[in-house]
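A quick write-up on the structure given underneath.
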Amino acid sequence: MACTTILVGCKATNDGSTIVARNEDCENGSFNAKSMVVVQPADQPRTYTGVNSHLTIELPDNPLRYVCTPNTDPSDGVWGEAGINAANVSMTATETISSNARVLGADPLIAYQPAKGTKGEPDYQPEVPGGIGEEDLVTIILPYISTAKEGVERMGALLEQYGTYEMNGVAFGDDHEVWYIETIGGHHWIARRVPDDAYVAQPNRMGIDRMDLADALGAQKDYMCSADLAQWMAANHLDVTMSQSEAAQGDTTDGIPTVFNPREAFSSFTWLDEVYNNPRKWYLCSMLDLDSPDFHGPAPKYNADSFDIPWAITPKAKISVMDVKNLLSSTYEGTEYNPYGRQGTDESRRRFRDIGINRTCECSILQIRPYAPKAAQGVQWVAFGSGPFNTSIAMYSNVDSIPAYLDTPMKVSTDSFYWTNRLVAGLADPEYFDNMESISAYQQSTLAEGYQSLRETDATIAADASMDDPAVHKALEAANEALVAKVQKANDDLLGSVLFVRSLNMKNAFGASDH
C-alpha cells in the first residue's frame, strides 16, 4: 500500500485556505514518472475505459478544464492522482486504505475477470469488467463537480453503480470546506466533512472514527454515506459497538447506533498497521501538537503503536503549505525511528515505514485561497520524487498550459523536474548530512519564491476577473513559467552540489596525503 494524506480545514490554516495534500507513493519496487498537465474539455473523453478494470463508462458532455498529475507512460492507465478544476475544486485520489474480512465478505470487491476458453466454443466465458479504482477517479470525477460536496456525491453514485476493486480514501476541497470519502467493500461508502478548525493525518488505513447516520441520511451537514449502510451493516452483523460505549447510549437506525465508530467496524487492526500505518499518523499528529499530553510527556495517551488516534484534531498552531510540505517529507526526525538519524539502533531506525519515502513519485498540496481573486484562487504546489530531497512549486491551476519542465520524458534528463529530483535524491542519500545544508537552503529559497510569486501575481489580477479570461490565463501562465525557471536553475545548482559531494566519497578515492 502507498501514500500519506494531510487535510486541513479553512480555520486551521494560516491564511484561511483549504488544503488537500497527499504523497503519491509507488508500490514497493517501482517508480512511476509523473507529469503535470492541463486537460481541456475537448480532450476529455466522453467514453472512458479503464486499463486495469476494462470497465467502460459514458461520461457527461460538459466537462470542466482541469489540471492533474498523470503517469507519463499511459500504458497502465491515466492515474491523474491530484488536481484542481475550473470551478476551483481540488481532488486527490487516492489514499489506499485497509479493511477486514468481515466487510469484504459482506460486500466483495469488484475485480476484473478475464475471459475463459475460446470465443465461439460452448465453454467460453466472456470477460467481466471490474469496478472503478485509483487509475480512473480523477478523470471520471474532477471535471464534473463544482463543490467539494458534489465530489462526494458523484463518487458515491459511481461506487453504487459500478463498485470498486480496491479500498480507497479520496478528498475534495473548495474555497470553504474539505470532504473525505472512504470506500467500504465493493459498493458502500462513508464520508465526513473535515471540521474547519481541524486537520486530518491519514495513512493507509481506514480513518473516519465517527459517523452520524441521522445527518448522513438527512441534512448531510457533516456526514454522508451510502443510503443502505445501516441495513447492510445490520444484515451482516458489522456493528461492534459495546453496550457501555457512548454510541450505545443514543438512538438507533435500522438496529445500528445512529452515532458509531466506523473505524472499529470497517478497518483493519493488524501487526502491519503497527509498523506501516499507525506510526505515520502518530508522528504527524505529534508534530502538529508539540505541547499536547496526548502525544508528549512521560505518559502520552497515544504512541507509535496506537490504533485509536482521533481522525480529526485541532492543531496547536495554524498550519501553512510550508508545514504540510515539511510533514509529508518527514522521516521521524528527532526520534529513534529516523533512518538518517543517530538515535536508537540499526533496528529502530528501520522499524517503521517513512512518510517521506524513497518511492514517492509526486506530492501535490492543493490550496484553494478564498482571499485571492477568484480567477487565481487555485494553486497546486507540486513536487516530484522523494520528499526529503525535493521542493514544491506553486503552480496556478487556472491556466491553459504547464511549463515544459514539468512534462516528464520517459528518458532520464536533467531538463526535467522529475528526473532532476530523482537524481538529486539518489546521489544525496548516501551522504545525507553532508548534503542537507545545501538541500535545506534550496528548499527554503524555492518555497519562498513560490510564496512571492503568488503574492505579486495576485496583485495584478482584478478581483472580478473571469475564470475564462484569456488575459488572466496568460498572466498566470507567465507567473508559472517565471517561477519554474528559477526552480530549474536552483535544481541544476543543487544537482551539481550533491554530485560533487558524492564524487568526493567514491570508494576509489585516493590521495598522496593518505599515506
Side-chain angles (χ1 to χ4, degrees), residues 1-8 21-29 94-100 167-169 180 182 198-209 261 263-264 266-313 315-316 319 323-360 363 386-389 429 432:
M1 293 186 293
C3 307
T4 306
T5 294
I6 295 178
L7 312 173
V8 193
R22 180 174 60 95
N23 281 349
E24 179 197 351
D25 302 333
C26 301
E27 293 182 357
N28 194 28
T94 69
E95 183 71 33
T96 306
I97 57 175
S98 59
S99 187
N100 62 60
M167 297 287 295
N168 282 313
Y180 179 69
E182 293 183 318
Y199 71 90
V200 170
Q202 182 68 49
N204 301 118
R205 180 171 176 255
M206 285 197 63
I208 297 176
D209 59 0
N261 186 338
R263 189 193 293 171
E264 292 179 349
F266 305 139
S267 189
S268 60
F269 292 82
T270 70
W271 68 268
L272 184 59
D273 291 313
E274 293 183 336
V275 299
Y276 201 87
N277 292 320
N278 301 350
R280 280 183 282 160
K281 185 170 182 69
W282 161 77
Y283 184 76
L284 292 171
C285 295
S286 71
M287 294 303 292
L288 290 168
D289 289 273
L290 289 172
D291 297 330
S292 171
D294 285 349
F295 299 99
H296 302 278
K301 183 176 182 180
Y302 305 112
N303 56 43
D305 300 325
S306 297
F307 283 94
D308 58 345
I309 300 173
W311 179 70
I313 299 174
K316 171 70 174 177
I319 300 169
D323 299 323
V324 173
K325 167 65 177 79
N326 291 339
L327 289 167
L328 288 176
S329 300
S330 56
T331 56
Y332 304 108
E333 290 89 344
T335 76
E336 63 181 299
Y337 312 120
N338 181 7
Y340 298 109
R342 291 169 180 163
Q343 299 181 47
T345 64
D346 289 343
E347 184 279 327
S348 70
R349 290 191 289 269
R350 301 302 304 168
R351 187 178 302 170
F352 297 146
R353 188 259 205 224
D354 288 319
I355 299 162
I357 202 167
N358 65 321
R359 48 190 165 87
T360 299
C363 171
S386 184
F389 307 95
D429 179 85
Y432 181 83

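Quick note: residue numbers are just sequence positions, from 1. Atom set for the values below is all heavy atoms of this structure, side chains included, hydrogens, waters and symmetry mates excluded.
- Interatomic distance, CD of Gln202 versus NZ of Lys281, reported as 6.0 Å (0.5 Å rounding).
- Tyr199 places a side-chain heavy atom less than 4.5 Å from the side chain of Asp289.
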With a cut-off of 3.5 Å and sequence neighbours excluded, list every side-chain donor-acceptor pair involving residues 297-305.
residue: Asn303; atom: OD1; partner: Asp305; partner atom: N; Å: 2.9
residue: Asn303; atom: OD1; partner: Ser306; partner atom: N; Å: 3.4
residue: Asn303; atom: OD1; partner: Ser306; partner atom: OG; Å: 3.4

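- Note: His296 NE2 to Ser286 OG = 5.0 Å, rounded to the nearest 0.5 Å.
- A donor-acceptor pair shorter than 3.5 Å can be found between the side chains of Glu95 and Asn204.
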Leu284 vs Met287, side chain to side chain contact (heavy atoms under 4.5 Å, CB included): CA-CA, chis, key distance, verdict: CA-CA 5 Å; Leu284 292 171; Met287 294 303 292; over 6 Å; no
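- Between the side chain of Ser386 and the backbone N or O of Ile357, at least one donor-acceptor pair lies under 3.5 Å.
- Rounding to the nearest 0.5 Å gives a distance of 8.0 Å between CD of Glu182 and OG of Ser267.
- A pairwise comparison of heavy atoms in Asn277 and Arg205 identifies ND2-CB, 3.8 Å as the closest pair.
- The shortest heavy-atom contact between Arg349 and Gly344 is NH1-O, 3.3 Å.
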Candidate pair Asn338 and Gln343, rule side chain to side chain contact (heavy atoms under 4.5 Å, CB included), full reasoning: CA-CA 8 Å; Asn338 181 7; Gln343 299 181 47; over 6 Å; no
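- Counting only distance, with no hydrogens or angles, the side chain of Ser292 and the backbone of Asp294 share a donor-acceptor pair below 3.5 Å.
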Stepwise side chain to side chain contact (heavy atoms under 4.5 Å, CB included) test for Thr335 and Phe352: CA-CA 11 Å; Thr335 76; Phe352 297 146; over 6 Å; no
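- Ring planes of Tyr340 and Phe389: perpendicular class, angle over 60° (limits at 30 and 60°).
- Asp25 meets the salt bridge (charged side-chain N to carboxylate O under 4.0 Å, His left out) test with Arg353; sequence neighbours excluded.
- Between the side chain of Asn23 and the backbone N or O of Leu328 there is at least one donor-acceptor pair closer than 3.5 Å.
- Checked by atom type and distance alone, the side chain of Ser99 pairs as donor or acceptor with a backbone atom of Phe266 at under 3.5 Å.
- Nearest heavy atom pair, residue Ser329 against residue Pro388, reads O-CG, 3.3 Å.
- Partners of Tyr332 according to the ring-ring contact (aromatic ring centres under 6.0 Å, His included) rule, which considers only residues two or more places apart in sequence or in another chain, are Tyr283.
- Here the shortest heavy-atom pairing between Asp209 and Trp311 reads OD2-N, 3.0 Å.
- Expressed to the nearest 0.5 Å, how far CG of Leu288 lies from CD1 of Ile319 amounts to 4.5 Å.
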Audit row: Leu7, Tyr180, side chain to side chain contact (heavy atoms under 4.5 Å, CB included) steps and yes/no: CA-CA 9 Å; Leu7 312 173; Tyr180 179 69; 3.9 Å; yes
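- Summarising the geometry of Pro339 relative to Thr331, their closest heavy-atom pair is CD-O, 3.5 Å, with the distance given to 0.1 Å.
- Between the CG atom in Asp354 and the OG1 atom in Thr4 there is a gap of 9.5 Å [rounded to 0.5 Å].
- For the pair Leu327/Ile355, no side-chain contact is recorded, criterion being any heavy-atom separation below 4.5 Å from C-beta on.
- One distance of note links CZ of Arg263 with CG of Asp308; it measures 7.5 Å at 0.5 Å rounding.
- Closest heavy-atom contact between Phe307 and Asp273: CE2-CB, 3.6 Å.
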